[in-house]
Visitor: 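Below: one structure in structure tokens.
Chain letters run A, B, ... following the sequence lines, proteins first, then strands; residues in each count from 1. For clarity, every value in this text was computed on a predicted model and none was experimentally measured.
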Amino acid sequence: MTDLQDKAEKMGIKIPEITFEEINEQIKPVLRKMEQAGIRINVSYINELDQKLSSRLKELETEIHKSTGTEFNIGSPIQMADILFDKLKLSTEGLKKTKSGISTAASELKKIEDTHPAIKLILEHRELSKLISTYLRPLPLLVDEDDRLHTTYGMETSTGRLTSSEPNLQNIPIRGTYGAEIRNSFIANPGMKIIAADYSQIELRIVACLAPDKLMIESFQRGDDIHAKTAAQIFHIPLEEVTKEQRRVAKAVNFGIVYGQTSYGLSQALDISPAEASKYIKEYFESYSGITKYINYMIDSARKDGYVETLFGMKRYLPEINSSKHYIAESEERMAINTPVQGTASEILKLAMIELDKQLDEISKKSGKTARMLLTVHDELVIEASSEIAQEVATATKDTMENVIKICVPIEVSIGIGDTWDEAK
DNA sequence: AACTAGGCT
DNA sequence: GTATAAGCCTAGTTG
């Protein structure tokens, strides 16, 4: 029994008798089945979108060249910085630097969006060229004779998460103007449905239990909206009076906390002053004192032992955590905070997949219909099932994911059924 | 191959 | 004085 498991059992986590090595062995055949199954895409729909965006891209290119008065390669950050900051003399104040010069990343360009009409065009150009070159062009070339994409899952990550490559189906767009359209081109076979199941705030629930943090645990047990609850805490107002904007801020703080985010980082993410960000983080730590202790405990134990571990015993060594270069040490401190949380979440999803795989086989056998897992995206599963049994499969999926392990708070899964990946979400 | 950028959880 | 949010994969440019 590891330290973390001992701590966890005291907090009412019932840990299944299995190690992370065994989980990783048992997940392999499941992943091979998923790779073989593949997911169907609507190739002609993607090609149409490609054409549409490509023609807009050409327009943008012309407009940008006209607006800047130079025919340069918009895809070259070097040329871009040259045009914006040397030729057009746009202000570089407050912009990040890269190794080679001023950053032209979207997050930086947004800061000077109103100082020149070309910037908005450049940002749109970036968005479209990303979608075209990474998704719309390559994906149709990778389908099999049934229009299905087959990814390859990998397991060699430092936290135990899975990876997906050639193609990566774990970073298919969902946000932005075209996210929904792209996800709508991931479709079920005729007579079948796509089922998407997501763990809701799994990492926050895990850290609440690992910490343990009394207030956060109570909030999850009551079924509160955790981001609103956090907003109420950091703004010192009643839960009912939390505004959307306050909730958005609180969500970012909750999110950042599992990454060991600093006030500077939060200020960048929210576009607020470091002083304001610092105030929120301070209020957060005062409200959730268990989380504060967790962070200190993880850093201390990593300094002492040289590693941290997940609930099922996967170790991550952090040899530089005592480095005298403090940004090196701080980087590993953040890993010490994040790895047990991210790694445990990953183990829980893998356990659920191992169990669900058996159940789907049973349902298929019993009904004579298809039910198969297709994708895993860190806290989400995508399944394809015959329409007749889709509801049954969805129920079994939710039940399995929510009950594969008992932790000190309820685990919640949101689930949807549709003809496409977007519709199922 | 290094660097920059940007897509996802 | 330097850096500042965890973990991935892919594409385009540059030298």
Side-chain angles (χ1 to χ4, degrees), chain A residues 72-81 96-109 122-123 125-139 142 151-176 178-179 182-183 198-204 207 252-270 274 277-278 281 298 308 316 318 324-346 349 375-382 421:
Chain A
F72 66 105
N73 183 344
I74 300 165
S76 163
I78 295 175
Q79 295 179 37
M80 178 69 73
K96 279 196 179 142
K97 291 178 183 123
T98 67
K99 287 177 183 172
S100 30
I102 307 292
S103 169
T104 69
S107 58
E108 305 309 302
L109 295 187
I122 291 165
L123 290 169
H125 186 280
R126 286 265 177 83
E127 181 186 5
L128 298 191
S129 62
K130 177 69 180 181
L131 296 181
I132 293 166
S133 69
T134 308
Y135 305 101
L136 301 178
R137 285 282 155 76
L139 292 184
L142 294 169
T151 186
T152 304
Y153 289 106
M155 301 213 301
E156 320 309 318
T157 65
S158 41
T159 59
R161 272 192 177 183
L162 299 169
T163 62
S164 162
S165 60
E166 291 181 291
N168 181 359
L169 297 182
Q170 290 179 328
N171 73 342
I172 300 301
I174 187 171
R175 290 182 277 268
Y178 304 99
I182 294 178
R183 289 218 172 191
D198 269 86
Y199 277 120
S200 90
Q201 296 122 19
I202 185 72
E203 295 195 349
L204 216 45
V207 75
V253 182
N254 271 329
F255 192 65
I257 229 73
V258 281
Y259 298 139
Q261 189 176 47
T262 63
S263 52
Y264 177 83
L266 184 65
S267 73
Q268 291 288 305
L270 287 176
S278 172
I281 291 175
M298 279 303 157
V308 291
R316 179 174 190 180
L318 299 168
S324 57
K325 293 181 185 171
H326 64 79
Y327 63 94
I328 303 271
E330 282 164 2
S331 164
E332 297 211 344
E333 286 171 11
R334 293 191 292 273
M335 296 174 194
I337 296 165
N338 180 262
T339 299
V341 180
Q342 190 182 115
T344 300
S346 152
L349 181 65
L375 304 179
T376 168
V377 195
H378 311 305
D379 63 1
E380 174 186 10
L381 292 179
V382 178
W421 193 359

Visitor: For A/N338, which contact category applies under a 4.0 Å heavy-atom criterion: base, sugar-phosphate, or nothing?
Guide: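 Sugar-phosphate, backbone atoms only, no base.
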Visitor: How far does the C1' atom of B/dC8 sit from the matching atom of C/dA5, given to the nearest Å?
Guide: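 The same atom, C1', in both gives a distance of 15 Å.
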Visitor: Identify whether any heavy atom of A/I337 sits under 4.0 Å from a base atom; if not, whether one sits that close to sugar-phosphate; answer base, sugar-phosphate or nothing.
Guide: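 Touches nothing.
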Visitor: Take atom P in C/dT2 and the same atom in B/dG6, then report the distance between them in whole Å.
Guide: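 25 Å, rounded to whole Å.
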Visitor: Sequence neighbours left out, what passes side-chain hydrogen bond (donor to acceptor under 3.5 Å, both in side chains) with A/S200? Give chain and number order.
Guide: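 Scan of A/S200 (side-chain hydrogen bond (donor to acceptor under 3.5 Å, both in side chains), adjacent residues dropped) gives A/R205.
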Visitor: Can you sort out the partners of A/Y135 under side-chain hydrogen bond (donor to acceptor under 3.5 Å, both in side chains), two or more places apart, ordered by chain and number?
Guide: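 For A/Y135, the residues satisfying side-chain hydrogen bond (donor to acceptor under 3.5 Å, both in side chains) (neighbours in sequence not counted) are A/N171.
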Visitor: Which pairs, with at least one residue in residues 329-339 of chain A and sequence neighbours excluded, count as a salt bridge (charged side-chain N to carboxylate O under 4.0 Å, His left out)?
Guide: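 Sorted result for residues 329-339 of chain A: A/R303-A/E333.
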Visitor: Please work out if A/R137 contacts a base, only the sugar-phosphate, or nothing of the nucleic acid, heavy-atom cut-off 4.0 Å.
Guide: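 No contact.
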Visitor: Over all strands shown, is A/Q268 touching base, sugar-phosphate only, or nothing at heavy-atom distances under 4.0 angstrom?
Guide: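 No contact at all - A/Q268 keeps every heavy atom at 4.0 Å or more from the nucleic acid.
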Visitor: So A/T339, base contact, sugar-phosphate only, or nothing? Heavy-atom distance under 4.0 Å.
Guide: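 No contact.
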Visitor: So what does A/A269 touch, heavy atoms closer than 4.0 Å: a base, only the sugar-phosphate, or nothing?
Guide: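 Result for A/A269 = base.
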Visitor: Are the side chain of A/R316 and the backbone N or O of A/A336 linked by a donor-acceptor pair below 3.5 Å?
Guide: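 No, the answer is negative, given that no donor and acceptor are paired below the 3.5 Å cut-off.
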Visitor: Quick check: on DNA chain C, is the nucleotide nearest A/N168 upstream (toward 5') of the one nearest A/K96, or the reverse? Name the residue that is more 5'.
Guide: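 Nearest nucleotide further toward 5': that of A/K96.
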Visitor: Taking 5' to 3' order, which nucleotide of DNA chain B is first and which is last to have an atom within less than 4.0 Å of a heavy atom in chain A?
Guide: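 With heavy atoms of chain A under 4.0 Å away, the range is B/dC3 to B/dT9.
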Visitor: For residues 125-136 of chain A, which residues have at least one heavy atom under 4.0 Å from DNA chain B?
Guide: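 Per residue number, the list reads A/R126, A/K130, A/Y135.
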Visitor: Could you check whether A/S100 gets within reach of a base, just the sugar-phosphate, or nothing at all, counting any heavy atom under 4.0 Å?
Guide: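 Sugar-phosphate contact only - A/S100 comes under 4.0 Å of backbone atoms but never of a base.
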Visitor: What residues, two or more places apart in sequence or in another chain, satisfy side chain to side chain contact (heavy atoms under 4.5 Å, CB included) together with A/K97?
Guide: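 If we apply the side chain to side chain contact (heavy atoms under 4.5 Å, CB included) test to A/K97, skipping adjacent residues, the hits are A/I102.
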Visitor: Give me each pair satisfying salt bridge (charged side-chain N to carboxylate O under 4.0 Å, His left out) with a member in residues 158-172 of chain A, each pair once, sequence neighbours excluded.
Guide: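 Output for this query lists A/R161-A/E203.
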Visitor: Please find the earliest and latest nucleotides of DNA chain C, in the 5' to 3' direction, that have an atom within less than 4.0 Å of any heavy atom of chain A.
Guide: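 Both ends considered, the range comes out as C/dG1 to C/dT14.
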Visitor: List the residues meeting ring-ring contact (aromatic ring centres under 6.0 Å, His included) with A/Y264, not counting sequence neighbours, and say none if there are none.
Guide: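 So A/Y264 forms no ring-ring contact (aromatic ring centres under 6.0 Å, His included) with any residue.
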Visitor: Checking all strands, does A/S164 fall into the base, sugar-phosphate, or nothing category for heavy-atom contacts under 4.0 angstrom?
Guide: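 The residue A/S164 makes sugar-phosphate contact but no base contact.
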Visitor: When you compare the side chains of A/T159 and A/T339, does any donor N or O come within less than 3.5 Å of an acceptor on the partner?
Guide: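 Per modelled atom types, A/T159 and A/T339 side chains form no pair under 3.5 Å.
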Visitor: Report yes if some heavy atom in the side chain of A/V258 is under 4.5 Å from a heavy atom in the side chain of A/I337; otherwise report no.
Guide: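 They are not in contact (no side-chain heavy atoms under 4.5 Å apart), so the answer is no.
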Visitor: Please state the P separation for the pair B/dA5 and C/dA3 - nearest whole angstrom.
Guide: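 My reading of the P atoms in B/dA5 and C/dA3 gives 16 Å.
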Visitor: So what does A/R334 touch, heavy atoms closer than 4.0 Å: a base, only the sugar-phosphate, or nothing?
Guide: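 The answer is sugar-phosphate, as A/R334 gets under 4.0 Å only of primed atoms, P, OP1 or OP2.
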Visitor: NA contact type, A/E380, heavy-atom cut-off 4.0 Å: base, sugar-phosphate, or nothing?
Guide: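 Contact class for A/E380: none.
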Visitor: With sequence neighbours excluded, what pairs up with A/Y259 under the side chain to side chain contact (heavy atoms under 4.5 Å, CB included) test?
Guide: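 A/Y259 satisfies side chain to side chain contact (heavy atoms under 4.5 Å, CB included) with A/F255, A/N338 only.
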Visitor: Base, sugar-phosphate, or nothing for A/T104, non-hydrogen atoms under 4.0 angstrom?
Guide: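 Here A/T104 touches the backbone only, sparing every base.
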Visitor: With sequence neighbours left out, what residues match A/S129 under side chain to side chain contact (heavy atoms under 4.5 Å, CB included)?
Guide: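 If we apply the side chain to side chain contact (heavy atoms under 4.5 Å, CB included) test to A/S129, skipping adjacent residues, the hits are A/L57, A/H125.
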Visitor: Could you list the residues that satisfy side chain to side chain contact (heavy atoms under 4.5 Å, CB included) with A/T152, not counting sequence neighbours?
Guide: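 Expected list: A/E35, A/S165.
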